Structure formats: C-alpha cells, structure tokens
Amino acid sequence: MVHGSFTGLRIGISTVKAFSDVTNIPIIGISSLESLAYNIKKDGLIACMIDAKNDNVYFALYNLENNIYTLKEELCSSNINDIIILLKNYKDKNITFVGDGSVVHKDNISQNFKKIEFATEEQNMQTSISIALAAFDKFQKGFIQNSNTLSPLYLRKSQAERALDGEK
C-alpha cells in the first residue's frame, strides 16, 4: 500500500505488474504503515498511524526486537479512540508512535499512555530507504510476489463508496 489516491494506487501497481511480467523480476508489496515502522530502530512496540481525517487513522502495530520486525496488530482503518483502547492491552510496554496520525492525535495519545515516545519529523514520513529496508527484509524471508498475487491494499472504502453508503 502506498499512501495516495485510489486511482493512483491502481495505476502504480499496474505499472509495477507490467514491468514484472516483462522482466520476470519478482515483486514485493510494502504497505505505507510497514515502511513507517522501518523508520524506527529502537527495540519495542511501534504504533504506525496515518491520519485518515475525522478522528480516524490507518493503523498497524509492530514489535521490533533484535532487528526483526513482527506485525502484532493487523493493518486497519479505525477511530483513534478505538486504537487507544486496543493499545491499552500493551500499556506496560514501551511504544514508539510514528506517522502523521500520531502527530495529529499526540495530545490524546499522551493523555492515555506513560511509556511512550514520538518519532521525529523525519521519521514520520515514508522514505525510499524505509521501503527498501522492508522489501529487503521480506525478500530475505521469501515473501515474494508476482503480477498475479500483488494487489492494492485498501483499508477503507473510497470516498465515493462511503458517500453512496451514507458513511463519513
């Protein structure tokens, strides 16, 4: 998942799939949330949040231990208060918050947790380095895809679909 428009994601992924088919080079899908986790190098929990507006965030929780990133909570789109409730299961752990969603909701997060850190401004953005590190890690573990298996990862419906369903 690359953070961007629904159409932009489909175009980008279609282009990658075409290059893969022509060159027989394997593909490794990396989500925006996963790439944010790879910006953090300190062992502990990493709460990745991308602002989804209206008090919602795209969220994933990773654990970093001995340079190994492990997904602890599946990627989702949820209200920040629901994420805070979920994270209270980890209240005795050190948590580093990363991503623009953690900046937007910093006050709310700070009021609910004591053992926390917030990423720096530079760490709150995806970079080609963090994407490459995540991809290399998956490559070493054998998580390789091809044009038949790679598809966009949408954590919520498009604006048009939400409007049609009467959602925000």
Side-chain angles (χ1 to χ4, degrees), residues 1-4 9 12-13 15-17 19-20 23-52 56-78 80 82-106 108-156:
M1 177 181 90
V2 175
H3 190 134
L9 286 173
I13 288 177
T15 303
V16 167
K17 291 170 107 174
F19 281 130
S20 176
T23 61
N24 287 323
I25 294 174
I27 302 169
I28 299 172
I30 303 298
S31 75
S32 299
L33 293 165
E34 185 174 10
S35 72
L36 284 172
Y38 278 77
N39 284 340
I40 306 301
K41 304 298 179 213
K42 181 182 175 187
D43 279 4
L45 292 174
I46 304 166
C48 306
M49 295 182 179
I50 297 173
D51 185 33
N56 293 304
V57 293
Y58 300 110
F59 170 81
L61 184 66
Y62 290 86
N63 186 59
L64 174 59
E65 189 172 333
N66 299 319
N67 290 323
I68 298 171
Y69 293 81
T70 307
L71 183 64
K72 298 292 285 180
E73 297 287 344
E74 288 295 325
L75 285 66
C76 68
S77 174
S78 189
I80 185 62
D82 294 335
I83 297 301
I84 287 172
I85 290 167
L86 174 97
L87 286 173
K88 287 188 178 184
N89 293 323
Y90 302 94
K91 66 182 176 186
D92 296 330
K93 306 276 186 187
N94 292 322
I95 304 174
T96 302
F97 288 84
V98 63
D100 67 349
S102 65
V103 174
V104 170
H105 300 288
K106 185 174 185 174
N108 194 356
I109 293 165
S110 297
Q111 291 172 5
N112 286 281
F113 300 97
K114 301 226 182 304
K115 294 179 162 184
I116 59 170
E117 291 184 34
F118 289 92
T120 65
E121 185 176 339
E122 295 81 28
Q123 291 171 317
N124 282 325
M125 297 184 298
Q126 306 179 72
T127 66
S128 57
I129 294 169
S130 63
I131 294 167
L133 288 171
F136 184 67
D137 194 21
K138 279 188 169 179
F139 176 79
Q140 287 185 313
K141 293 175 183 171
F143 295 119
I144 299 170
Q145 296 174 283
N146 60 45
S147 64
N148 294 326
T149 59
L150 182 69
S151 63
L153 172 62
Y154 300 121
L155 297 180
R156 73 175 185 177

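Only a predicted model underlies this, so the values are computations on that prediction, with no experimental measurement involved. What's counted below: heavy atoms across the whole structure, side chains too, no hydrogens, waters or symmetry copies.
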Is [X] reaching over with its side chain to a backbone N or O of [Y], donor-acceptor style, under 3.5 angstrom?
| X | Y | result |
| --- | --- | --- |
| N108 | H105 | no |
| K17 | S147 | yes |
| K115 | I95 | no |

Heavy-atom neighbours of [X] [atom1] exceed 12 at 6.0 Å:
| X | atom1 | result |
| --- | --- | --- |
| K106 | NZ | no |
| I144 | CD1 | yes |
| E121 | CD | no |

Identify the two heavy atoms, one from [X] and one from [Y], that lie closest to each other, and give their separation to 0.1 Å.
| X | Y | result |
| --- | --- | --- |
| L33 | Y58 | CD2-O, 3.5 Å |
| T127 | N39 | OG1-OD1, 4.0 Å |
| L36 | Q126 | CD2-N, 3.9 Å |
| A135 | I28 | O-CD1, 3.5 Å |
| S35 | I131 | CB-CG1, 3.7 Å |
| A60 | L71 | CB-CD1, 4.2 Å |

Measuring from [X]:[atom1] to [Y]:[atom2], what's the distance to the nearest 0.5 Å?
| X | Y | atom1 | atom2 | value |
| --- | --- | --- | --- | --- |
| N56 | I50 | CG | CD1 | 13.5 Å |
| I46 | Q123 | CD1 | CD | 9.5 Å |
| F97 | I83 | CZ | CD1 | 10.0 Å |
| D51 | S102 | CG | OG | 10.0 Å |
| F118 | N124 | CZ | CG | 10.0 Å |
| N94 | T96 | CG | OG1 | 7.5 Å |

Results of side chain to side chain contact (heavy atoms under 4.5 Å, CB included) for [X] - residues two or more places apart only:
| X | result |
| --- | --- |
| S20 | I27 |
| T15 | I11, F19 |
| K93 | L45, Y90 |

_Set out, in order, the CA-CA distance, both residues' side-chain angles and the distance that settles side-chain contact (heavy atoms from CB on, under 4.5 Å) for F59 and L87, then state yes or no._
CA-CA 11 Å; F59 170 81; L87 286 173; 3.9 Å; yes

*asked:* Using the rule given for side-chain contact (heavy atoms from CB on, under 4.5 Å), can you reason through V16 versus Q145, listing the C-alpha separation, both sets of side-chain angles and the distance that settles it, and then say yes or no?
replied: CA-CA 11 Å; V16 167; Q145 296 174 283; over 6 Å; no

*Side-chain contact, heavy-atom cut-off 4.5 Å: I109 with M49?*
yes

*For residues 60-70, which residue pairs qualify under side-chain hydrogen bond (donor to acceptor under 3.5 Å, both in side chains), counting only residues two or more places apart or in two chains?*
none

_Could you go through V57 and S78, starting from their C-alpha distance and side-chain angles, then the distance that decides it, and tell me whether this counts as side-chain contact (heavy atoms from CB on, under 4.5 Å)?_
CA-CA 6 Å; V57 293; S78 189; 5.6 Å; no

_side-chain contact (heavy atoms from CB on, under 4.5 Å) assessment of E34 paired with K138_ = CA-CA 11 Å; E34 185 174 10; K138 279 188 169 179; 3.2 Å; yes

*Contacts of type salt bridge (charged side-chain N to carboxylate O under 4.0 Å, His left out), residue K141, not counting sequence neighbours*: D137

_Tell me every residue that passes salt bridge (charged side-chain N to carboxylate O under 4.0 Å, His left out) with K114, counting only those two or more places apart in sequence or in another chain._
none

